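In what follows, every heavy atom counts, from backbone to side chain, and hydrogens, waters and symmetry copies are set aside. A quick note: this is a predicted structure, and the numbers were derived from the prediction, not measured.
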Amino acid sequence: MRLGLALGYWGRGPDPGHVALAREAERLGYDSVWTAEAWGSDAFTPLTWIAAQTSRIKLGTAVVQMAARSPVTTAMHALTLDHLSGGRMMLGLGLSGPQVVEGWYGRPFPKSPLTATREYVDVIRQVLRREGPVALEGRFHSHPYRGEDGSGLGKPLKPITHPLRADLPVLLGAEGPKNIAQTARIADGWLPLYWSPMRSDVYEASLAGAREGFLVAPMARAKICDDVAEGLLPVKAMLGFYIGGMGHSARNFHADLMARMGFEEEARRIQELFLAGRREEAVLAVPDAFADEISLVGPRERVAERLELWRKGPVTDLLVLAPDPHTLRVLSELNG
């Protein structure tokens, strides 16, 4: 199991320690570093900044939002950074939910998310292969555009720039069982949002169609500390926000996932509290057991025992949300 460093997306502003953390991860032998975006900073610019100040570590997006760019634009970003970094780019994509897609990006959430995702990946693959002009008569993505409001003058084009790698890895963030199953068929890897090594059977059927070499790369917050309860507070804060606030009461993919993992009653209670404006109570309502399952928190010996559970399952890459060099170093030592 390889280790990666997950930096997430910015909050109020850039974290001045991210580049130093990425360089330390590279020095420790981490395989990859990952950036993200939601409705603030973008993922590609910080990753390019990190690429310029590292030499070996792979560079991933976990994730870039599909609604933010047309698929050819995303492909252009990826092939450009792949060239500039000497072939270190890994493209992680996510569809997000209706609240973000329509509320922030001002686009309709696709009525068939599976089809929209499949078409998006198809176009990116065509750009990266550069075997001919990009052409797709899709339900959500048409190249050239054939809509009634168009000029009718568009023609199929292929990229001027020759991509460095036709097989640049494409990974998908997926949560629903059908979406995960499609990911196993069309992508090079999967980026789970929550992963419990104690409940990997939740995904077993969905991953049955994955080919050899398929990447399973979940994120997990890690913290080497004496007080487990205190170390879990950032995990609970994240879960409270995602489960309570990143979605509508009737349609929240994160809450649905938590429910499928055996915490349905708790997930609905978190939503209820968060949407009522009782955010601190929503965070406190997150079960310690669930937060603990999806993270690596506690003294070195405890984390060592729990890390073995992650290593025994199908996880190929553990993307660590660890804001301190000490935790990164300990995990590197424990992972061998």
Side-chain angles (χ1 to χ4, degrees), residues 1-11 15 17-38 43 46-47 50-51 53-54 56-63 88 90 92 94 169 171 173 189-200 215-228 230-239 242 290-336:
M1 184 178 72
R2 294 175 293 264
L3 293 179
L5 169 65
L7 297 174
Y9 45 78
W10 294 354
D15 188 321
H18 275 180
V19 170
L21 207 59
R23 294 179 70 174
E24 177 66 3
E26 181 174 68
R27 188 189 69 79
L28 291 169
Y30 277 61
D31 185 70
S32 56
V33 58
W34 302 74
T35 57
E37 62 187 20
L47 200 61
I50 291 168
Q53 300 182 69
T54 55
R56 176 199 57 79
I57 198 165
K58 294 174 186 172
L59 309 157
T61 56
V63 294
R88 292 190 277 153
M90 304 173 74
L171 299 88
W190 173 42
L191 295 159
L193 182 59
Y194 312 136
W195 177 276
S196 168
M198 304 171 188
R199 302 173 193 267
S200 57
L215 305 178
V216 177
M219 290 187 194
R221 180 169 286 275
K223 178 69 174 178
I224 302 299
C225 59
D226 294 328
D227 190 330
V228 175
E230 184 179 345
L232 287 175
L233 285 176
V235 184
K236 296 179 67 168
M238 176 272 294
L239 287 169
Y242 272 69
F290 182 61
D292 198 22
E293 281 187 29
I294 65 170
S295 58
L296 287 161
V297 171
R300 179 187 177 111
E301 297 74 16
R302 183 178 194 268
V303 170
E305 291 178 3
R306 300 177 77 84
L307 187 63
E308 283 304 308
L309 297 175
W310 292 76
R311 290 161 59 94
K312 289 178 181 178
V315 173
T316 61
D317 298 79
L318 175 58
L319 311 186
V320 180
L321 284 157
D324 67 285
H326 175 65
T327 295
L328 289 182
R329 183 171 62 255
V330 171
L331 286 175
S332 177
E333 293 169 356
L334 294 177
N335 198 50

How close do [X] and [Y] get, counting heavy atoms only, and between which atoms?
| X | Y | answer |
| --- | --- | --- |
| A36 | A62 | CB-O, 3.2 Å |
| P218 | V315 | CD-CG1, 3.7 Å |
| P323 | R221 | CD-NH1, 4.0 Å |
| L328 | A25 | CD1-CB, 4.5 Å |
| I57 | A22 | CD1-O, 4.2 Å |
| V297 | V228 | CG1-O, 3.8 Å |

In Å and rounded to the nearest 0.5 Å, what is the [atom1] to [atom2] distance from [X] to [Y]?
| X | Y | atom1 | atom2 | answer |
| --- | --- | --- | --- | --- |
| R329 | L334 | CZ | CG | 11.5 Å |
| T61 | L171 | OG1 | CG | 8.0 Å |
| L232 | C225 | CG | SG | 7.5 Å |
| H18 | L7 | NE2 | CG | 4.5 Å |
| H326 | L331 | NE2 | CG | 9.5 Å |
| L319 | D317 | CG | CG | 6.5 Å |

- Task: Would you please name every residue forming a side chain to side chain donor-acceptor pair (under 3.5 Å) with N335, sequence neighbours left out?
- Result: R311

- Is the shortest side-chain N to carboxylate O distance from R27 to E24 below 4.0 Å? yes

- Test: R302 and D292 ion pair at under 4.0 Å: yes

Would a distance-only check, ignoring hydrogens and angles, find a side-chain to backbone donor-acceptor pair under 3.5 Å from [X] to [Y]?
| X | Y | value |
| --- | --- | --- |
| Y30 | V320 | no |
| S332 | L28 | yes |
| T54 | I50 | yes |
| R300 | V330 | no |
| T35 | A43 | yes |
| E26 | R56 | yes |

- CD (Q53) with more than 12 external heavy atoms under 6.0 Å: yes

Does some side-chain heavy atom of [Y] sit less than 4.5 Å from a side-chain heavy atom of [X]?
| X | Y | answer |
| --- | --- | --- |
| K223 | D324 | yes |
| D31 | L3 | no |
| L318 | L296 | yes |
| M90 | L215 | yes |
| I224 | P299 | no |

Compile the donor-acceptor pairs under 3.5 Å between side chains in residues 189-197 and protein atoms, sequence neighbours left out, one pair per line.
unit_1	atom_1	unit_2	atom_2	d
W190	NE1	A174	O	2.9
S196	OG	M198	N	3.2
S196	OG	E293	OE1	2.7

- Side-chain donor-acceptor pair under 3.5 Å between R88 and S32, yes or no? no

